Amino acid sequence: MIFIESGLVVGFLLPGDSILFAAGLLAAEPGSSLSLPLLAVGSFACAATGNVVGYWTGSRFGRPWLLGRAGYARRHVERAERFYLRFGWLAVVAARFIPWARTFTPVAAGVARMSRPTFVSATLVGAAVWGAGLVLLGYLAHDVPWLARLAYLAAAVAIAASVVVPVAGWAAGRFRRRRRERPPQTPSSASP
């Protein structure tokens, strides 16, 4: 899930923070078969790999598509290039802690042709602090009972929301399409 949230544009609704923190909590449970080092390294690797895939997607597909559009899109690409030239490293690291931004920032960095070495260094720092850091923080929080209960509740709500929100959006869209497809009733065909 961490890779999907970080690397695929469809992953912006996934609750990565809550999952990582809860994984650390579960690893701290007595008798748990979850390995803290394996969770930390795996989270780091998935987050970093996801970012690289997002960057590649933006540079390979997003940029040509946007530049092929009208002049309006071209202006936005030029603005993004200036932004990533000036603030790119900090933006990639900070985006790790903002759920929707961690999905779209690597893609935008690829579109803007952010320097690859700068992007990779920011990705590695962000993945280490966010991915491995949240797992470790959850592990350490296990010994604070009220915090552990609150974290489990937050993780459950976030995971449920990541399922309910897309399903509700799909159902609402389907309902709207069906209403549009239904022919309007005329006053004479309406029941009294």
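Because the structure is predicted, anything quoted here is derived from the model rather than measured.
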Test Val92 against Phe119 for side chain to side chain contact (heavy atoms under 4.5 Å, CB included), laying out the working first. CA-CA 7 Å; Val92 171; Phe119 177 80; 3.9 Å; yes

Any donor and acceptor pair, going by atom type alone, linking the side chain of Ser121 with main-chain N or O of Thr118 inside 3.5 Å? yes

Does Ala28 offer a backbone N or O that forms a donor-acceptor pair with the side chain of Ser32 under 3.5 Å? no

Do [X] and [Y] sit in the same hydrophobic cluster, where Ile, Leu, Val, Met, Phe, Trp and Tyr count as joined when their side-chain heavy atoms come under 4.5 Å apart?
| X | Y | result |
| --- | --- | --- |
| Val41 | Leu140 | no |
| Leu20 | Phe44 | no |
| Val125 | Phe87 | no |
| Phe104 | Val52 | no |
| Tyr139 | Ile2 | yes |

For [X] and [Y], work out which heavy atoms get closest and say how close.
| X | Y | result |
| --- | --- | --- |
| Thr103 | Val107 | O-CG2, 3.9 Å |
| Ala47 | Ala127 | CB-CB, 3.8 Å |
| Ala91 | Phe83 | CB-CE2, 3.8 Å |

Can you check side chain to side chain contact (heavy atoms under 4.5 Å, CB included) on Leu137 and Phe21, steps first, answer last? CA-CA 7 Å; Leu137 194 60; Phe21 194 82; 3.8 Å; yes

Can we call the ring centroids of Trp56 and Phe61 under 6.0 Å apart? yes

Find out whether [X] and [Y] are in side-chain contact, i.e. whether some heavy atom of one side chain is under 4.5 Å from a heavy atom of the other.
| X | Y | answer |
| --- | --- | --- |
| Phe175 | Arg179 | yes |
| Tyr84 | Val111 | no |
| Thr123 | Tyr55 | no |
| His142 | Pro30 | yes |

So among Asn51, Val129, Leu134, which one has a side chain to side chain contact (heavy atoms under 4.5 Å, CB included) with Arg96? Asn51

When Leu136, Leu38, Val135 are each screened for side chain to side chain contact (heavy atoms under 4.5 Å, CB included) with Ser43, the one that passes is Val135

State the CG-CG distance between Leu25 and Leu34, to the nearest 0.5 angstrom. 11.0 Å

Could you walk me through whether Val93 and Trp130 pass the side chain to side chain contact (heavy atoms under 4.5 Å, CB included) test, one step at a time? CA-CA 9 Å; Val93 173; Trp130 178 77; over 6 Å; no

